[in-house]
Number of protein chains: 2
Amino acid sequence: MKKSTKEKIFDTALDLFSQKGYSAVSIREITRTIGIKESSLYNHYKNKEQILESILIHFRNDFSKTLPPIETLDQILANTTAETFLKAGHRNFKEYMENENGQKMWRILQVEQFREPLAREIILRDFFGTVIDFLEIVFTKLIKMNRIRSISPKLLAIEYQYPVFSMLTEYNILKFDGKDTAEVEQRLDQHIEFFLEIIKIN
Amino acid sequence: MKKSTKEKIFDTALDLFSQKGYSAVSIREITRTIGIKESSLYNHYKNKEQILESILIHFRNDFSKTLPPIETLDQILANTTAETFLKAGHRNFKEYMENENGQKMWRILQVEQFREPLAREIILRDFFGTVIDFLEIVFTKLIKMNRIRSISPKLLAIEYQYPVFSMLTEYNILKFDGKDTAEVEQRLDQHIEFFLEIIKIN
DNA sequence: GTCTATACAGTGATAGAC
DNA sequence: GTCTATCACTGTATAGAC
């Protein structure tokens, strides 16, 4: 349960960066929060930039774990309806949204995206790309199985996921101000219902 | 054609803030770029924060002009098909996307959203809210006129616009790195075609 | 409206004692 | 692995001459 100094630095930096942005947070502020001297920090991280880098890399690994492996897809899809599958993904996603560290990571990505090439890469590749590619495969399989209407799988992936990205943006801004998120959560539910209606075979 | 010092400060700050973020840009950097002394800047702006504020307020006014006034809606809709109307909006939006200052403003909003309450307000209210409300009115009218299928106007507004927000995010990251945006632009076209198909009365 | 001069707190980072 | 001490530099901002 005891956190190492390195972990304390990581967690504190994660928290402060996500609130003020990398540039507005000083080494002094991080170390003061933890209760160590500035010089001690350099025993754990080479410099300030490396703290951010370690946060971004950690997030990237973390995020890649949220989707089920492609190899297991056939088996999963054989045993569930399209509706159940998408709604399970939805629950998964909601859990991620409600996770405090997930929100912090998301904020850092948003805020550092034009200052930090790695942030852009994570947003484009891991966040947009990976999810869209995954969904395209899912919809391709479901169409072949004749379980949903035959519409371009890539288009379906976009129609399903892109609104979710926007809702996540909205959700996180509201959360940051401690405002009510019921409406945007309801929108997400409605979106999924609507999408299921579109792909349903009549 | 000659820019006043105040305009130079505004433009330079807009450019630098949009690349590095507010906190990472110093007064020194702004004044050095223009070729004046730091102290001279304070003749035009009270402090650094006020420069950002003036940028945000300028953007807000600018953005509110991109939608046609509600009063003119009935007349516009009487003379155009739903398809023509949405495609005109699409062109309008694309023009905005390709505008350099529009891209800079968007980047600033993204980057300052958790540090600057006004940025959050603009994103939520002016960017998300205004457009969704506008579209909801449009779709309500089109349904009453029996020109599109009868689906919840609010839901239609979301299904239409939210993917566009995400595509704008993607577009601007690609643009920032000078990468090819053909694919995301194609996605936007496909999305609109797909949406038109959904709302079409058979 | 721009300049010089100045203030002074905060910045990331290092050397070396313990 | 943490500390003290110190570094050179950069940060915003102001006073007052021209």
Side-chain angles (χ1 to χ4, degrees), chain A residues 1-58 104 107-108 111-119, chain B residues 1-58 104 107-108 111-119:
Chain A
M1 201 59 222
K2 270 180 201 163
K3 271 197 267 184
S4 69
T5 302
K6 187 159 189 170
E7 284 171 318
K8 282 186 201 165
I9 294 169
F10 185 96
D11 292 341
T12 306
L14 173 63
D15 188 57
L16 292 174
F17 288 166
S18 76
Q19 285 185 54
K20 310 179 164 194
Y22 174 82
S23 307
V25 177
S26 65
I27 296 282
R28 232 159 262 201
E29 190 174 5
I30 296 170
T31 55
R32 209 188 312 123
T33 307
I34 303 170
I36 58 167
K37 295 294 166 187
E38 295 103 278
S39 54
S40 301
L41 183 140
Y42 292 93
N43 274 310
H44 305 281
Y45 291 95
K46 201 186 122 210
N47 53 33
K48 191 182 162 190
E49 190 65 37
Q50 217 200 46
I51 306 174
L52 176 61
E53 199 191 308
S54 78
I55 289 174
L56 292 177
I57 288 169
H58 178 271
K104 287 179 187 172
R107 293 205 297 263
I108 291 178
V111 163
E112 303 306 331
Q113 62 179 310
F114 298 114
R115 221 192 45 80
E116 186 59 54
L118 183 53
Chain B
M1 202 57 224
K2 269 181 202 164
K3 272 197 266 185
S4 70
T5 302
K6 187 159 189 168
E7 284 171 317
K8 282 186 201 165
I9 294 169
F10 185 95
D11 292 341
T12 306
L14 173 63
D15 189 56
L16 292 174
F17 288 166
S18 77
Q19 285 185 54
K20 311 178 163 195
Y22 174 82
S23 306
V25 177
S26 64
I27 297 282
R28 235 164 258 198
E29 190 175 3
I30 296 170
T31 54
R32 209 189 312 124
T33 306
I34 302 171
I36 57 168
K37 295 294 165 188
E38 293 104 282
S39 54
S40 300
L41 183 140
Y42 292 92
N43 274 313
H44 306 281
Y45 291 95
K46 202 186 122 211
N47 52 34
K48 190 182 159 188
E49 190 64 38
Q50 217 200 47
I51 306 174
L52 176 61
E53 199 190 307
S54 78
I55 288 173
L56 292 177
I57 288 168
H58 178 271
K104 287 180 187 172
R107 293 206 296 262
I108 291 178
V111 163
E112 303 306 331
Q113 63 180 309
F114 298 114
R115 222 192 44 81
E116 187 59 55
L118 183 53

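Below, each value reflects all heavy atoms present in this structure, side chains not excepted, and no hydrogens, waters or symmetry copies. Convention: sequence-line order gives letters A, B, ...; per-chain numbering from 1.
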| message | Regarding B/Arg115 and B/Glu112, does a basic nitrogen lie under 4.0 Å from an acidic carboxylate oxygen? | response |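 Judged by the 4.0 Å cut-off on N to carboxylate O distance, B/Arg115 and B/Glu112 do form a salt bridge.
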| said: I want to verify a distance call: between D/dA13, D/dC3, C/dC3, whose nearest atom is closest to the B/Ser40 side chain? | reply: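 The listed nucleotide nearest to B/Ser40's side chain is C/dC3.
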| Can you tell which of C/dA13, D/dT14, D/dT4 lies closest to the side chain of B/Tyr42? |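 Of the candidates, D/dT14 comes closest.
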| Of all the base pairs, Watson-Crick or G-U under 3.5 Å, which form stems of three or more consecutive pairs involving DNA chain D? |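 C:1-18 with D:1-18 - these are the stems of 3 or more pairs that involve DNA chain D.
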Write down the distance between [atom1] ([X]) and [atom2] ([N]), rounded to a whole number of angstrom.
| X | N | atom1 | atom2 | result |
| --- | --- | --- | --- | --- |
| A/Lys37 | C/dT14 | NZ | C1' | 16 Å |
| A/His44 | C/dA13 | NE2 | P | 15 Å |
| A/Ile51 | C/dG12 | CD1 | C1' | 11 Å |
| A/Leu41 | C/dT11 | CG | C1' | 14 Å |
| A/Glu38 | D/dT6 | CD | C1' | 12 Å |

| Is the backbone N or O of A/Ile9 less than 3.5 Å from a side-chain atom of A/Thr12, with the two atoms forming a donor-acceptor pair by type? |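 No: the side chain of A/Thr12 does not pair with the backbone of A/Ile9.
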| Which atom of B/Lys2 lies closest to which atom of B/Glu7, heavy atoms considered |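 Between these two residues, the closest heavy atoms are O-OE1, 4.2 Å.
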| In residues 12-36 of chain B, which ones come under 4.0 Å of DNA chain D, going by heavy atoms? |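 Going residue by residue through residues 12-36 of chain B, the ones with a heavy atom under 4.0 Å of DNA chain D turn out to be B/Val25, B/Ser26, B/Ile27, B/Arg28.
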